[in-house]
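The block underneath contains the structure these notes are about, expressed in structure tokens.
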Amino acid sequence: MSGRAAAASRAAEEGSHAVGGTVGSLLITGISTLVTNDPQLGEGPLGLITDAAVVVSGEEIAWVGPASRAPAADRMYDADGRALLPGFVDSHAHLVFAGDRTAEFDARMRGLPYTAGGIRTTVAATRAASDEELSAGVARLVGEALRQGTTVIECKSGYGLTVEDEARLLRIAGEHTDEVTYLGAHVVPAEQDPDAYVELVTGAMLDACAPHARWVDVFCERGAFDGDQARAVLESGIKRGLVPRIHANQLTHGPGVQLAVQLGAASADHCTHLTDADVDALASGVTVATLLPGAEFSTRAPYPDARRLLDAGVTVALSTDCNPGSSFTTSMPFCVALAVREMGMTPDEAVGAATLGGARALRRDDVGRIVVGARADLMLLDAPSHVHLAYRPGVPLISAVWQRGRQVVS
Ligand SMILES: [Zn+2]
């Protein structure tokens, strides 16, 4: 065991005495690079502080600054020259499902034609699964994400597509996260007329689902829901107190981004095919552009142009789009690496988009930053700098995670 690994292991053991306890304060010191995401606190847009310390009190950050000025605390954790970041905020995931689509991915990678039957396979398997099976599946994926540094994850319905099953999926999602999204308008189910289905999604299904969700979403795409249908879905959700977000411009140029900006949606997700007018609209509105490079990776499709959006002044978030069909990854570090290698983002921009960007896409100011009063969601990298997330792709660099001040990964 290397000196660092031994120290990490000792620190983990020391920390383990405190697992479950958020009483008292914890001083994390010996931080080589601290990413605060507050330019007022440190260098550059990420607010970087070198040789830093952080004090956690209960569930919150109580102090941030140079280690030389750190106050005393009840307990101490030596970061031993490693980098500390806010936990990742994954603002786009589809985690409540059953079934397996390995063969479909394998066929796609062998160049066989893609058939649209995939999502129906998942819907059929999901409808047939028990609540316990579905909840266990979500728990497994949330745990997998947590071990990779994700401390907030959004979760959508969309594989039930009946009144009962969509409400059931939302209730199950709500057992695992506060960020629950009603996506009855994922696709039109095989057995139904599109207009009748939109009526259901904006009527009886919304009635059953609104109490269990914070957000309303729609897949606005050729073959799914057109601009008018997407508007009807989002406006009906808004009337019921849900906040809109949208799957927009993934496979083709479409009306989704413009609709998102007009409705003041929190986020337009995918943004792969954009006109100049779409980019201008995003730059002038309040809507975050959430990019999901796992989807392009897993379907061998062209990546969205993050550079173009950033240069126009658009707020960009990065998320996994974790789902069994087009992006079966929970790894935010993987998305950061893809964004840097394939989408023209700098490592700083990608790390910011995967943390603070995700928080903005979920309209949260209590997560995504390491500032006094924020929720103590932290990840320690087994590396001296956040740049290693892109520089060392595929390497399990997350060596400790705290969520609400409690160490959950060590
Ligand atoms: Zn999605």
Side-chain angles (χ1 to χ4, degrees), residues 35 37-40 44-47 86 88-92 154 181 215-221 226-227 230-231 234-235 238 243-296 301-321 332 335-336 338-365 367-369:
V35 174
N37 278 335
D38 183 346
Q40 312 254 322
L46 295 187
F88 290 120
V89 180
D90 187 350
S91 60
H92 186 135
E154 181 259 16
T181 301
W215 308 96
V216 58
D217 195 346
V218 55
F219 186 19
C220 183
E221 188 63 60
D226 68 21
R231 177 184 289 278
L234 296 181
E235 285 183 339
I238 292 167
V243 186
R245 47 199 320 108
I246 183 168
H247 285 67
N249 301 55
Q250 176 186 2
L251 305 174
T252 53
H253 290 104
V257 163
Q258 296 289 342
L259 178 63
V261 174
Q262 283 167 25
L263 295 179
S267 182
D269 295 26
H270 286 289
C271 293
T272 310
H273 297 274
L274 300 180
T275 63
D276 287 345
D278 293 333
V279 175
D280 290 347
L282 286 165
S284 63
V286 298
T287 302
V288 173
T290 299
L291 310 182
L292 310 165
E296 281 80 25
Y303 289 95
D305 186 350
R307 186 77 263 142
R308 181 183 179 203
L309 290 164
L310 290 163
D311 288 347
V314 176
T315 301
V316 170
L318 279 175
S319 295
T320 62
D321 193 19
M332 290 293 279
C335 295
V336 166
L338 283 182
V340 172
R341 174 63 180 83
E342 304 286 349
M343 290 155 55
M345 296 180 89
T346 66
D348 280 19
E349 287 167 342
V351 166
T355 51
L356 184 59
R360 289 193 168 140
L362 292 174
R363 300 216 165 138
R364 296 275 296 264
D365 54 16
V367 295
R369 296 179 304 158

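This is a predicted model, so every value here is computed, not measured.
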Any residue meeting side chain to side chain contact (heavy atoms under 4.5 Å, CB included) with Asp226, in chain and number order, not counting sequence neighbours: Asp228, Gln229
All pairs passing ring pair (Phe, Tyr, Trp, His ring centres under 6.0 Å) where residues 272-293 contributes a residue, at least two apart: His253-His273
Polar side-chain atom of Glu221 near backbone of Leu251 as donor-acceptor pair, under 3.5 Å: yes
Pro293 side chain near Met343 side chain, heavy-atom distance below 4.5 Å: yes
Sole residue of Val336, Val35, Asn37 in side chain to side chain contact (heavy atoms under 4.5 Å, CB included) with Thr355: Asn37
By side chain to side chain donor-acceptor pair (under 3.5 Å) - contacts of Thr315 (at least two apart): none
Heavy-atom side-chain proximity of Arg363 to Trp215 below 4.5 angstrom: yes
Between CG on residue Asp269 and NE2 on residue His92, distance to nearest 0.5 Å: 5.5 Å
Pairwise salt bridge (Lys or Arg N to Asp or Glu O under 4.0 Å) hits with a residue in residues 246-267, at least two apart: none
Separation between SG of Cys335 and CG of Asp90, rounded to the nearest 0.5 Å: 7.0 Å
Salt bridge (charged side-chain N to carboxylate O under 4.0 Å, His left out) partners of Glu235, counting only residues at least two apart: Arg231
From Glu296 atom CD to Thr272 atom OG1, the distance as rounded to the nearest 0.5 Å: 4.0 Å
With sequence neighbours excluded, residues passing side chain to side chain donor-acceptor pair (under 3.5 Å) with Asp217: Lys156, His247
Value rounded to 0.5 Å, distance of CG in Leu282 from CD in Gln258: 8.0 Å
Selection residues 342-364 - residue pairs positive for ring pair (Phe, Tyr, Trp, His ring centres under 6.0 Å), sequence neighbours left out: none
Distance-only side-chain donor-acceptor flag, Ser91 / Ser319, under 3.5 Å: yes
Heavy-atom pair of closest approach, residues Cys271 and Leu291: CB-CD2, 3.9 Å
Side chain to side chain contact (heavy atoms under 4.5 Å, CB included) involving Arg308 - partner list, sequence neighbours excluded: Leu274, Asp276, Val279, Asp305
Atom pair CG/CD of Leu234 and Gln262 - distance to nearest 0.5 Å: 11.0 Å
Side chain to side chain donor-acceptor pair (under 3.5 Å) partners of Arg307, counting only residues at least two apart: Asp311, Glu349
Val367: side chain to side chain contact (heavy atoms under 4.5 Å, CB included) partners, not counting sequence neighbours: Val89, Val152, Ala359, Arg364, Arg375, Asp377
Option passing side chain to side chain contact (heavy atoms under 4.5 Å, CB included) with Thr287 (candidates Leu259, Val261, Leu263): Val261
Separation between CZ of Arg245 and OG1 of Thr290, rounded to the nearest 0.5 Å: 6.5 Å
Validation row: Ile238, Pro244 side chains within 4.5 angstrom (heavy atoms): yes
Partners passing side chain to side chain contact (heavy atoms under 4.5 Å, CB included) against Ala353 (at least two apart in sequence or in another chain): Val316, Leu318, Met345
Whether Ser267 side chain and Ala289 backbone form a donor-acceptor pair below 3.5 Å: no
Contact summary for Val288 and Gly357, nearest pair of heavy atoms: CG1-O, 4.3 Å
Smallest separation among heavy atoms of Pro255 and Gly227, with atom names: CG-CA, 3.6 Å
Which residues share a side chain to side chain donor-acceptor pair (under 3.5 Å) with Asn249, sequence neighbours left out: Asp278
